4 protein chains.
Amino acid sequence: MEAATRFIVTHGLSAPTAGIAKEAGVANGSLFTYFETKTDLFNQLYLELKTEMGSAAVKNLRPAAELREQCFQVWRNWTKWAVCNSEKRRVLAQLGVSDELTPETRAAAPKTMAAIADMLERIRANGPLSKAPMGFVVALMNSTAEATIDLMSQDSTNAKKHCKLGFDALWRMLS
Amino acid sequence: MEAATRFIVTHGLSAPTAGIAKEAGVANGSLFTYFETKTDLFNQLYLELKTEMGSAAVKNLRPAAELREQCFQVWRNWTKWAVCNSEKRRVLAQLGVSDELTPETRAAAPKTMAAIADMLERIRANGPLSKAPMGFVVALMNSTAEATIDLMSQDSTNAKKHCKLGFDALWRMLS
Amino acid sequence: MEAATRFIVTHGLSAPTAGIAKEAGVANGSLFTYFETKTDLFNQLYLELKTEMGSAAVKNLRPAAELREQCFQVWRNWTKWAVCNSEKRRVLAQLGVSDELTPETRAAAPKTMAAIADMLERIRANGPLSKAPMGFVVALMNSTAEATIDLMSQDSTNAKKHCKLGFDALWRMLS
Amino acid sequence: MEAATRFIVTHGLSAPTAGIAKEAGVANGSLFTYFETKTDLFNQLYLELKTEMGSAAVKNLRPAAELREQCFQVWRNWTKWAVCNSEKRRVLAQLGVSDELTPETRAAAPKTMAAIADMLERIRANGPLSKAPMGFVVALMNSTAEATIDLMSQDSTNAKKHCKLGFDALWRMLS
DNA sequence: CATGAATGAGCGTTCATTCAT
DNA sequence: GATGAATGAACGCTCATTCAT
């Protein structure tokens, strides 16, 4: 899967399975010992990366802390992971918009970020978006994060500042 | 190009050129009279759709009006166009993340929304994002719009309300 | 199709489509311009050969002649065609037992030999097989012909004699 | 080999060796401890089935009995075995026409039915086929048997009657 | 310029066979 | 001897692109 991530970053989702196998140092046929089809590989990879990202985001989370502080912690974790794992993030983005993901995968994806959704739910409840659907709020957070991560990656010297900048923007929206 | 849009929506970016040609009612070979390669078609299509969207967004814009009102007008135009032209929007999204777009195309894309960028520039100047790079602000507006449009499409009965909801969220971020 | 026949004779039904295409002097992809799939090619080829054989068998048939004479004429035509077109016959045999033929093809096959079946029907009516199902009588004739053709091919010097020998055996069975 | 028979019936001769091994309850690699190649397995299987059929056909044969009666006994044995072992018969048929059988196997095959050939030889000697090659007579008997077995299998209620019907047809040819 | 048959490189996948354990 | 993961050649089929008409 690491090999797949590496190879997809440079060759896109149309990367030949043979190339992925080679990158992994195995014969092309061997790939199909582990994944029934290329699509299957993509789906598993997507969930693995998504889960990793979700786990990274909730590290060191103190449930007792203030909501704003909790959220900022998640934000810091999340953006840091994305900046440090830009390949994984890029592949995640590509897979997310591809039409290779099965409905099952799409359905399983939100569960990897359930803890964050819970937190967001509590934030939303008392703010201006109290009547907006959760999906919308999640989408807003997601896309604000994406923009922030892009900015942090482009100008990594000021990464910390940008991180805060993005979070403040998010918080203005939510509360 | 209309045919391409229609066909790509249902078949994805891997749609055979022969299929696009058939949808357009011409011979498969004829397609290559107008576009050197499939990639070329994609690039031209992307710019055309982007331009159309940009033009739609600035319709009826009154430069004399208040900034907030101007921005809301753009927002209404934009989201309405996207809801009414969901096929075009979908294709635009697919092309945007594809690795078929040339650097030239990516460079030319912002110019289609120059008027909006100008407006955004003025809004930003006096707000909390005054020190953030323009690209970041544009990305925020873009992604907020995307989320809003999704919401409006899913629940079109309350489209107007959702449009306002999204705009308010955006405005909170920007000012 | 001629090329397919030639190539299948030497390589069996597992002959690569690329080989068939090359034998035909076209690119491997071109084969699929004419036949949707390899299976499709096999089905069409089967019916073509079967039809050709059926047509050959009923050449110069005089409906006014005695039944025995008519039958002998068919027999002579049939065995001669088979001996002269041993490649086609061999491919026909291979296709006949393969599991590539669709039910449609199997259903269409008897129609190519309808005239012979009619004749056989009249012969059977007054003989010892009057109560046997037509399918059985057809199978008997078929297999007797096969054995005869093999004999004629192996020892072509006495082909004519063998042809008569086979026919007499058939006639003894039928009448 | 039983497993191979079972598996080939449902999957054809292109059945994966892995499938055959699984059906036999052994690891896929183990299959190659007993058979050097897949072709080798096919050849051995063919001879085994052929031998079994030949043995079944000559059961309870009384050399003292009249030729016709002896032949009928063989005929009854043979058709009964084939009807009761339709899987084996089907596989035998598939193997017989496949191009996997080596010349050695083809050469060894007749020996499995030597006793029947002997009997047939004596029948032929005094009949209308006295001058026909033995191979031809064997082929006739074979194919008549095949047709009869098919009929018996399709309409097993009247199996006995069909058996007699087929034998009478054969006998008319031979004597 | 329009056509559409022809091209052939390239892909995902299969499977007989090997071999380290 | 038994295992089953690993192998890699081979296959059927697709499709962007070409070009003679």
Side-chain angles (χ1 to χ4, degrees), chain A residues 4 7 11-22 24-42 100, chain B residues 4 7-8 11-22 24-42 100, chain C residues 4 7 11-22 24-42 100, chain D residues 4 7-8 11-43 100:
Chain A
F7 200 74
H11 293 79
L13 293 184
S14 59
T17 52
I20 297 173
K22 197 178 176 187
V26 301
N28 50 21
S30 300
L31 197 145
F32 296 92
T33 307
Y34 305 105
F35 306 98
E36 287 209 351
T37 61
K38 192 188 190 187
T39 297
D40 189 41
L41 162 62
F42 281 172
E100 301 271 19
Chain B
F7 200 73
I8 290 172
H11 293 79
L13 292 185
S14 58
T17 52
I20 297 173
K22 196 179 175 186
V26 301
N28 52 19
S30 301
L31 196 146
F32 293 90
T33 305
Y34 303 105
F35 306 98
E36 284 207 356
T37 63
K38 192 189 189 183
T39 297
D40 189 40
L41 162 61
F42 280 172
E100 302 269 19
Chain C
F7 200 74
H11 293 80
L13 292 184
S14 58
T17 52
I20 296 174
K22 197 177 176 187
V26 300
N28 48 24
S30 299
L31 197 145
F32 296 92
T33 307
Y34 305 106
F35 306 98
E36 287 209 349
T37 62
K38 193 189 190 185
T39 297
D40 188 40
L41 162 61
F42 281 173
E100 302 270 19
Chain D
F7 200 73
I8 290 171
H11 294 78
L13 292 183
S14 59
T17 53
I20 297 173
K22 196 179 176 187
E23 177 82 30
V26 301
N28 53 19
S30 301
L31 196 146
F32 293 90
T33 307
Y34 304 106
F35 307 97
E36 284 207 355
T37 62
K38 191 188 190 185
T39 298
D40 189 39
L41 162 61
F42 280 171
N43 279 274
E100 303 270 20

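Below, chain A is the first sequence line, B the second, and so on; all start at residue 1. Bear in mind that the values here come from a model prediction, so they are computed numbers and not experimental data.
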Original post:
Closest heavy-atom contact between C:A27 and C:A21?
Top reply: O-CB, 3.6 Å
Original post:
Which residues pass the salt bridge (charged side-chain N to carboxylate O under 4.0 Å, His left out) test with D:E100, sequence neighbours left out?
Top reply: none
Take the protein atom [atom1] of [X] and the nucleotide atom [atom2] of [N], then report the distance between them rounded to whole Å.
X	N	atom1	atom2	answer
C:K22	E:dA9	NZ	P	12 Å
A:F42	E:dC11	CZ	C1'	12 Å
D:I8	E:dC15	CD1	P	14 Å
A:E100	E:dC11	CD	C1'	13 Å
C:I20	F:dC13	CD1	C1'	14 Å

**OP:** Output the residues of residues 11-18 of chain D in contact with DNA chain F, where contact means a heavy atom of the residue under 4.0 Å from an atom of the strand; sort by number or write none.
**Re:** none
Original post:
Hey, which of these two, D:T39 or B:T33, hits DNA chain E nearer its 5' end, going by closest nucleotide?
Top reply: B:T33
Subject >> Canonical and wobble pairing (Watson-Crick, G-U, under 3.5 Å) of DNA chain E, dot-bracket with | >> reply: .||||||||||||||||||||
Original post:
OP1 or OP2 of F:dA2 sitting under 4.0 Å from any side-chain N/O of D:Y34?
Top reply: yes
Subject >> 5' precedence on DNA chain F between B:K38 and A:L31 (nearest-nucleotide basis) >> reply: A:L31
Residues in side-chain contact (heavy atoms from CB on, under 4.5 Å) with [X], at least two apart?
X	answer
D:F35	D:M1, D:L31, D:D40, D:L41, D:Q44
C:F7	C:H11, C:A15, C:P16, C:I20, C:E23
D:N43	D:T39, D:L101, D:T102, D:T105

Original post:
Please, which pairs that meet salt bridge (charged side-chain N to carboxylate O under 4.0 Å, His left out) have at least one residue in residues 25-36 of chain C, sequence neighbours excluded?
Top reply: none
Original post:
In Å, rounded to the nearest 0.5 Å, how long is the span from OG of D:S14 to CG of C:L13?
Top reply: 11.0 Å
Close N/O contacts between protein and nucleotides 18-21 of chain E (under 3.5 Å):
none

Original post:
C:F42: what forms a ring-ring contact (aromatic ring centres under 6.0 Å, His included) with it, not counting sequence neighbours?
Top reply: none
**OP:** Apply the test side-chain contact (heavy atoms from CB on, under 4.5 Å) to residues B:Y34 and B:V26: give CA-CA distance (whole Å), side-chain angles for both, the deciding distance (0.1 Å), then the verdict.
**Re:** CA-CA 11 Å; B:Y34 303 105; B:V26 301; 5.9 Å; no
